[in-house]
Asks: 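Sharing a structure, written as structure tokens. Questions coming.
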Amino acid sequence: MKCSTVRWGLLPELPEVESVCRHLRERVPAGSLIVRAAIVRPGIVRPADPAAVEQELTGQRITRIGRRGKHILLHLSSGRILGVHLRMTGNLYFSPDIRFREASARAWLELPGRTGIVFADPRALGRLELLDQEPASLGPEPLEASFTPAVLAQASRASRAPIKVFLLDQRRVAGVGNIYAAEALFRARINPRKPANRLNSNNIQRLHAAIVGVLEDAVQSAYNAYSSPGRFTEGEEFAVQVYGREGQPCAACGKPVRRIRQGGRSTYFCGHCQR
DNA sequence: AACACGACCTGGTAGC
DNA sequence: TGCTACCAGGTCGTGT
């Protein structure tokens with residue numbers, strides 16, 4: 001692929017973050033002790049004092065690994081939560097030997113036996129944050145039962161923003177990013193420029209089903225990819241229909257996929273299929 | 001109040 | 001070859 005940032009399957013939206021969580025849950029037993037914490041890139045932590053964060057984390061136990069939208073939540077024995085956001089290029093993974101770390105390792109939690117959890121992020125846009133509770137102001141989890149067409153309809157009525165921009169707003173639906181917003185709108189055959197409050201009930205039904213369907217497919221693909229890196233087999237990968245495919249034929253009608261700018265970001269869509 | 005936009009970051013690439 | 005300019009996008013702070 002032409003653009004390096006379109007490393008498909010690595011851009012951390014809900015499905016990729018979920019697979020990171022599964023990876024960690026399989027390797028970090030509940031109750032694991034944090035022997036030592038290291039923050040080697042001060043700018044990534046909140047609160048802003050790295051030494052204080054290191055001190056607070058050291059000696060804590062990881063009681064549970066959760067997820068909310070794109071946030072990874074390491075629940076600590078103190079009751080506080082270490083929230084990890086991967087942003088664009090971040091990654092969080094279990095290391096069997098914490099002494100060997102890649103250059104982009106920005107922080108790590110040493111666990112017993114010199115194992116650990118590494119936060120790596122070449123661009124250092126990701127964030128580690130100590131929280132009193134789960135992040136507030138996030139919308140519903142799209143893969144939970146509470147996310148219904150009625151919930152989506154109610155939220156959409158309150159916004160005149162283009163539906164694509166609306167979907168990127170984490171207060172509306174948690175975990176959808178630029179790729180899956182485009183893919184969901186393609187699957188629902190809705191024009192990304194359509195104002196959110198102009199979607200009719202038919203549109204809402206299709207969009208709801210598309211969001212859930214796209215994310216479920218991608219969760220499965222992302223997990224497969226993460227479990228067996230380098231062992232992709234054809235067809236296992238989530239099939240992108242429009243994202244990053246400017247000028248290539250639409251899978252449905254053959255007309256070229258278009259790219260426009262919305263809210264400072266690229267939107268890919270088929271001008272013929274998406275009305 | 002709702003929306004727009006720049007800043008934050010770095011690596012890769014296009015263009016000269 | 002080596003340089004610069006630009007672009008990727010999630011989120012937040014600031015401006016309109």
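Throughout, a chain's letter reflects where its sequence line sits, starting with A, and its residues are numbered from 1.
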Asks: Using nucleotides 10-13 of chain C, report all nitrogen or oxygen pairs with the protein that are shorter than 3.5 Å.
Replies:
| from | atom 1 | to | atom 2 | distance (Å) |
| --- | --- | --- | --- | --- |
| C:dG10 | OP1 | A:Asn178 | N | 3.3 |
| C:dG10 | OP2 | A:Asn178 | N | 3.3 |
| C:dG10 | N7 | A:Arg265 | NH1 | 3.2 |
| C:dG10 | N2 | A:Arg87 | NH1 | 2.8 |
| C:dT11 | OP1 | A:His85 | NE2 | 2.5 |
| C:dT11 | OP2 | A:Lys70 | NZ | 3.2 |
| C:dT11 | OP2 | A:Gln170 | NE2 | 3.4 |
| C:dT11 | O4 | A:Arg265 | NH2 | 3.3 |

Asks: Measure from CZ on A:Arg172 to C1' on B:dC3 and round the result to the nearest Å.
Replies: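 The distance from CZ of A:Arg172 to C1' of B:dC3 comes to 10 Å, rounded to the nearest Å.
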Asks: Within the pair A:Ser266 and C:dA8, is there a side-chain N or O less than 4.0 Å away from OP1 or OP2?
Replies: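 Answer is yes, contact under 4.0 Å.
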Asks: For the pair A:Glu183 and A:Arg187, find out whether any cationic side-chain nitrogen is under 4.0 Å from an anionic carboxylate oxygen.
Replies: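 No salt bridge links A:Glu183 with A:Arg187.
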Asks: Of all residues at least two apart in sequence or in a different chain, which pass the side chain to side chain contact (heavy atoms under 4.5 Å, CB included) check with A:Thr58?
Replies: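 Applying side chain to side chain contact (heavy atoms under 4.5 Å, CB included) to A:Thr58 gives A:Ala37.
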Asks: Just jot down the side chain to side chain contact (heavy atoms under 4.5 Å, CB included) partners of A:Pro42, sequence neighbours excluded, or say none.
Replies: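 Testing A:Pro42 for side chain to side chain contact (heavy atoms under 4.5 Å, CB included), a comparison that skips the adjacent residues, returns A:Pro50.
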Asks: Check the distance between C:dC7's C1' and A:Glu246's CD and give it to me in whole angstrom.
Replies: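 After rounding, the reported distance stands at 13 Å.
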Asks: Apply the hydrophobic cluster definition, ILVMFWY joined by side-chain contacts under 4.5 Å directly or through others, and give me every member besides A:Leu73.
Replies: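 Its cluster partners, ordered by chain and number, are A:Ile81, A:Leu131.
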Asks: Tell me the side chain to side chain donor-acceptor pair (under 3.5 Å) pairs involving residues 133-142 of chain A, sequence neighbours left out?
Replies: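 Qualifying pairs, neighbours excluded: A:Arg67-A:Glu141, A:Arg68-A:Glu141.
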Asks: Which residues, ordered by chain and number, are linked to A:Val165 in its hydrophobic cluster, where ILVMFWY side chains connect at heavy-atom gaps below 4.5 Å, directly or through other members?
Replies: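 Members alongside A:Val165: none; it stands by itself.
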Asks: Can you tell me how far C1' of B:dA1 sits from CZ of A:Arg157, to the nearest Å?
Replies: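 Value for this atom pair: 19 Å.
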Asks: Can you sort out the partners of A:Glu216 under side chain to side chain contact (heavy atoms under 4.5 Å, CB included), two or more places apart, ordered by chain and number?
Replies: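 With sequence neighbours excluded, A:Glu216 shows a side chain to side chain contact (heavy atoms under 4.5 Å, CB included) to A:Leu143, A:Val212, given in chain and number order.
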Asks: Would you say a side-chain N or O of A:Tyr268 is under 4.0 Å from OP1 or OP2 of C:dA8?
Replies: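 The answer is no; no side-chain N or O of A:Tyr268 sits under 4.0 Å from OP1 or OP2.
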Asks: For DNA chain B, which residues of residues 158-166 of chain A approach it to below 4.0 angstrom with any heavy atom?
Replies: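 Within residues 158-166 of chain A, the residues near DNA chain B are A:Ser159, A:Arg160, A:Ala161.
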Asks: For residues 111-120 of chain A, run the donor-acceptor check on the side chains, cut-off 3.5 Å, and write out each pair with its distance to 0.1 Å, sequence neighbours left out.
Replies:
| from | atom 1 | to | atom 2 | distance (Å) |
| --- | --- | --- | --- | --- |
| A:Thr115 | OG1 | A:Pro112 | O | 2.9 |

Asks: So A:Arg46, base contact, sugar-phosphate only, or nothing? Heavy-atom distance under 4.0 Å.
Replies: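 Nothing: the residue A:Arg46, judged by heavy atoms under 4.0 Å, touches no strand.
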Asks: With sugar-phosphate meaning primed atoms plus P, OP1 and OP2, does A:Arg171 contact a base, only sugar-phosphate, or nothing at under 4.0 Å between heavy atoms?
Replies: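 Nothing, no heavy atom under 4.0 Å.
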Asks: Please go through A:Leu33's hydrophobic cluster and name the other residues, only I, L, V, M, F, W, Y counting, with side-chain heavy atoms under 4.5 Å joining them.
Replies: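 A:Leu33 shares its hydrophobic cluster with A:Val35.
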Asks: Tell me: CZ of A:Arg261 to C1' of B:dA4, nearest whole Å?
Replies: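 Taking atom C1' of B:dA4 as the reference, CZ of A:Arg261 is at 13 Å.
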Asks: Taking the axis from the first five pairs and the axis from the last five, what angle separates them in the helix from B:dA2-C:dT16 to B:dC16-C:dG2, rounded to 10 degrees?
Replies: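 Rounded value for the end-axis angle: 50°.
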Asks: Should side-chain heavy atoms under 4.5 Å link Ile, Leu, Val, Met, Phe, Trp and Tyr, which residues sit in the same cluster as A:Ile260?
Replies: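 Besides A:Ile260, the cluster holds A:Phe269.
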Asks: Nearest whole angstrom, please: distance from the C1' of B:dC9 to the CZ of A:Phe119.
Replies: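 Interatomic distance, CZ of A:Phe119 to C1' of B:dC9: 12 Å.
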Asks: With a non-hydrogen cut-off below 4.0 angstrom, is A:Ser104 in contact with a base, only sugar-phosphate, or nothing?
Replies: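 Nothing, no nucleic acid heavy atom in range.
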Asks: Less than 4.0 Å between a side-chain N and a carboxylate O, is that true for A:Arg80 and A:Asp132?
Replies: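 Yes.
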